[in-house]
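Positions are given from 1 along the sequence. Whatever order the structure lists ligands and atoms in, that order sets their numbers, starting from 1. Note that the structure is a prediction, hence the values are computed from the model and not measured. These values consider heavy atoms only, across backbone and side chains, with no hydrogens, waters or symmetry-generated copies.
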Amino acid sequence: MQRVEKEIARLIDECDYDEVTRLFSMLSGGKRLRAKLILKIASDHEQAPLLAAIVELIHAASLLHDDVIDEASLRRGVPSVNATDGSKTAVMLGDILYSKAFTELVSFDKDIAKIIASSVTALSKGEMIDVKMADEFNSDEDKYLDMLYLKTATLIEAAAEASAILAGKDSSLHALYGRNLGLSFQIIDDILDITADEDTLGKPAMNDFVEGKCTLPYIYLYKVLDEADKKRLIALHTVVLDEQESSWIKQKMQEHKTIEKSFELAQKLSNEAMNAMKDNAELVGILQTMIKRSY
Ligand code: FPP
Ligand code: MG
């Protein structure tokens, strides 16, 4: 991972603007899941650290823009750039990061560049669908999962597929692994939004529903509630919840085991990915660690 951090630092340096270096140094790097995946799949390839740095810059850019769109003030436990330096700066920093990433991407084979580039179209489309869906209470599970695939899984899928091509490995099996890892990662994130506290999350707890996002535990809950409670749940959508309201939601979720049901889907997707990679202990390990994040 040191090689990836070095590549990221080099790319930032090449932007040749102190303000970019300063702002980038304020960001928390996060788990670097995508970079770790690329290094594990294409460990021996000399271009792997650069590909990992490119994907991390794209991911960082997407989060900068996402925090502007969501008006989020915290990211990974630190104030977001839109909170400290304003939305305009956050958008412009995101533009620089992702255009720099694309400049570097042209040094890769065309098929690899295309996989990464088209995943960015998909994730941008996913973000747009997500924002649109938040306007109304959504109880359609398939619609939600389609959006999740675009918004979160496509870049992880592309990272796995592209690094498999780089390493001369089976690209479709690795793509399946990446896709399911991404989906199950996001489902667990959605669960943690409800079950974890602000200190653990690095952002306010139970915030998805306030932002309008009807994640799986809410979708499953809606399906099993009686008419009066269905109405009560819809009335709380996009509302800043008080203690009593959030306790009611949590208690109903407990009663109907909707967190467990969501976790089962994450586990099913994760098992499929493990099966696809059963000979690769390291890739299986990434899934196991992810699924074990407490909830
Ligand atoms: C986080 O979702 C957002 C994403 C994973 C993707 C955001 C994508 C864009 C803004 C498209 C623009 C892309 C580029 C490269 C500039 P979330 O809000 O559900 O998660 P959070 O709780 O971590 O904010
Ligand atoms: Mg967000």
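Shortest contact from atom 10 (C) of ligand 1 to any protein heavy atom: Ser62 O, 3.4 Å. Here the heavy atom of the protein found nearest to atom 12 (C) of ligand 1 is Ser124 OG, 3.8 Å. In terms of protein heavy-atom proximity, atom 16 (C) of ligand 1 is nearest to His65 ND1, 3.3 Å. Ranking protein heavy atoms by distance to atom 22 (O) of ligand 1, first place goes to Lys203 NZ, 2.5 Å.
A single hydrophobic cluster is not seen to contain both Val68 and Leu63; linkage of ILVMFWY side chains at heavy-atom distances under 4.5 Å, directly or through other members, places them apart. Residues Met128 and Leu150 are members of separate hydrophobic clusters, defined by side-chain heavy-atom contacts under 4.5 angstrom among Ile, Leu, Val, Met, Phe, Trp and Tyr. Linking ILVMFWY residues whenever their side-chain heavy atoms come closer than 4.5 Å, directly or via other members, leaves Leu27 and Met92 in distinct clusters.
Crowding of Gln254 atom CD: a count of heavy atoms from other residues, nucleotides or ligands under 6.0 Å not exceeding 12. More than 12 heavy atoms of other shown residues, nucleotides or ligands fall within 6.0 angstrom of atom CD in Glu141. Within a 6.0 Å radius of CG in Asp18, other residues, nucleotides and ligands contribute 12 heavy atoms or fewer. For CD of Glu19, the number of neighbouring non-hydrogen atoms (other residues, nucleotides, ligands) closer than 6.0 Å is greater than 12.
Residue side and main chain included, Asp70 places an N/O/S atom under 2.8 Å of the Mg ion (ligand 2). Distances from the Mg ion (ligand 2) show that Glu211 has no N/O/S atom below 2.8 Å.
Proximity of Asp66 to ligand 1, defined as any heavy-atom pair under 4.0 Å, is shared by backbone and side chain alike. At a heavy-atom distance under 4.0 Å, only side-chain atoms of Asp70, from C-beta outward, approach ligand 1. Neither the backbone nor the side chain of Asp193 comes within 4.0 Å of ligand 1, counting heavy atoms alone.
In summary, the side chains of Gln186 and Tyr149 do not present any donor paired with an acceptor at a separation below 3.5 Å, with no hydrogens or angles considered.
Between the choices Val91, Asp67, Leu123, the shortest heavy-atom distance to atom 6 (C) of ligand 1 belongs to Leu123. Of the candidates Lys213, Glu127, Lys151, Met128, the one placing a heavy atom closest to atom 7 (C) of ligand 1 is Glu127.
Proximity of Arg75 to ligand 1 is established by a heavy-atom distance of less than 4.0 Å.
The contact set between ligand 1 and Val120, taken as ligand atoms under 4.0 Å from a residue heavy atom, comprises 15 (C).
The two atoms that bring Leu11 and Lys100 nearest to each other are O-CE, 3.5 Å, heavy atoms only.
For Asp66, the N, O or S atom with the smallest separation from the Mg ion (ligand 2) is OD2.
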